[in-house]
Amino acid sequence: AVCGRTPERLDAARATLEPYGRRVLTVQADVRDHESVARMFEYLESELGPVTTLVNNAAGNFYSASEDLSPGGFKAVIDIVLHGTFNCSHTFGNRAIANKRPGVILNIVTSYTETGSAFVLPSACAKAGDYALTTTLAYEWAEYGFRVNAIAPGPFPTPGAWKRLVPNQEFEDQYRLRQPFKRFGEPHELAAAATFLISDAASYINGECLHVDGGERLSGGQLNFLTQLLPRDSLKGLFRKMRAARSE
């Protein structure tokens, strides 16, 4: 089952997954809204039976110098990333606990969860909260047979992420060269890690955060290099252009 806010993207996800031979159920829902999430789980379990595994992957991000960040911009990311993860985990967990069945939760955080990162303050704060939620529930809900883990991906090119975070080819080339392997991640590398952590092969792994970043985190905060790339005023101008392009 895949949930999201945009019907067109849900249809595209279903079309991508159905050739693998499984039934794919899509649900239009807003993870920022606890009631919407509750309705989503009600529908999913009426169609599929008990839900045993939850992957919290909803995210939002954009560049901004922290001094230029608006309260609304900060809230928009926190609502999706942190509140969304809570809403889904809380609803899923309560339904499973009430029915005395175990569950598995996998939260997608970032490679800068522990270090922080320049120019993505809302994301850094929200993902740090997701990591704290991971370790807290891992211990507290183990009593109910739950496992809760996280994955911290490095750069994996997707249209949504690249539109918000990679303004041009020159930037992409410089970013790639900063990676220890001089390349970005491939989707199957992230999928393999997620599949392992939610499977019975990881039955004694709980409260862990697996970095799938090729070692990028060892260089410090993921986007801190931007402070050496351009003067601050030039960076701010670049960020404004990227925000304007997204709204077109």
Side-chain angles (χ1 to χ4, degrees), residues 1-63 73 75-93 95-96 103-110 122-123 126-127 130 150-151 153-167 172 184-199 212 242-248:
V2 182
C3 79
R5 284 182 291 169
T6 309
E8 294 78 14
R9 292 181 179 177
L10 289 170
D11 291 342
R14 184 190 300 112
T16 300
L17 294 170
E18 281 181 336
Y20 291 94
R22 293 285 187 138
R23 180 188 180 194
V24 180
L25 192 65
T26 57
V27 188
Q28 190 172 1
D30 188 343
V31 298
R32 301 172 298 181
D33 181 344
H34 197 279
E35 291 185 1
S36 177
V37 170
R39 290 192 297 270
M40 175 187 76
F41 274 100
E42 192 73 36
Y43 172 69
L44 288 178
E45 296 202 327
S46 71
E47 292 288 322
L48 299 176
V51 176
T52 61
T53 304
L54 168 67
V55 179
N56 285 307
N57 189 44
N61 203 0
F62 61 90
Y63 286 133
K75 183 178 184 299
V77 175
I78 296 292
D79 282 351
I80 296 169
V81 179
L82 182 54
H83 291 173
T85 298
F86 168 78
N87 289 338
C88 291
S89 300
H90 185 255
T91 303
F92 170 64
R95 293 178 71 91
V104 176
I105 298 175
L106 180 64
N107 297 319
I108 308 301
V109 293
T110 71
S123 174
K127 292 295 190 180
D130 283 348
I151 283 180
F156 282 80
T158 64
W162 250 224
K163 185 176 181 180
R164 289 167 174 78
L165 301 175
V166 179
E172 180 175 332
F184 300 129
E186 297 286 342
H188 69 89
E189 294 171 315
L190 187 57
T195 301
F196 167 68
L197 283 176
I198 65 176
S199 76
V212 186
M242 293 176 70
R243 288 195 293 273
R246 288 204 313 274
S247 62
E248 291 175 356

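Only this structure's heavy atoms are used, side chains among them; waters, hydrogens and symmetry mates stay out. Please read all numbers here as calculations on a predicted model, not as lab measurements.
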Taking all heavy atoms of V104 and all of I198, pick out the closest pair and write down the distance. CG1-CA, 3.9 Å
Sorted by chain and number, sequence neighbours left out, salt bridge (Lys or Arg N to Asp or Glu O under 4.0 Å) with E189 holds for R183
For A150 and V109, work out which heavy atoms get closest and say how close. CB-CG2, 4.2 Å
Are any non-hydrogen side-chain atoms of M40 and V31 less than 4.5 angstrom apart? no
Is the number of heavy atoms from other residues, nucleotides or ligands under 6.0 Å of R9 CZ greater than 12? no
Side chains of I108 and L190, heavy atoms from C-beta outward: is any pair under 4.5 Å? no
Which distance, rounded to the nearest 0.5 Å, do you find between the CG of N107 and the OG1 of T85? 5.5 Å
Could you grab the distance from atom CG of L44 to atom OG1 of T26, nearest 0.5 Å is fine? 10.0 Å
Quick one: are F41 and L54 in side-chain contact, heavy atoms under 4.5 Å? yes
Are the side chains of H34 and T91 in contact, using a 4.5 Å heavy-atom criterion? yes
Show the nearest heavy-atom pair for residues E35 and D33, with the distance to one decimal. N-OD1, 2.9 Å
Closest heavy-atom pair and its distance - F184, P157: CB-CD, 3.6 Å
To the nearest 0.5 Å, tell me how far L25 CG sits from L48 CG. 5.0 Å
Closest approach of C88 to N56 (non-hydrogen atoms, all atoms of both residues): CB-OD1, 3.2 Å
So, taking the atom named CD1 in I80 and the one named CG in D30, what distance separates them when rounded to the nearest 0.5 Å? 8.0 Å
Approximate separation, where rounding is to 0.5 Å, of N87 CG and F92 CZ: 15.0 Å
With the side chain counted from C-beta on, respond yes when P155 and W162 share a heavy-atom pair under 4.5 Å apart, and no when they do not. yes
Within-4.5 Å side-chain heavy-atom neighbours: K127 and V81: yes
If you round to the nearest 0.5 Å, how far is CG of D130 from NE2 of H83? 10.5 Å
Of all heavy-atom pairs linking N61 and S123, the shortest is OD1-CB, 3.4 Å
Using the test salt bridge (Lys or Arg N to Asp or Glu O under 4.0 Å), find all partners of E42 that sit at least two apart in sequence or belong to another chain. R95
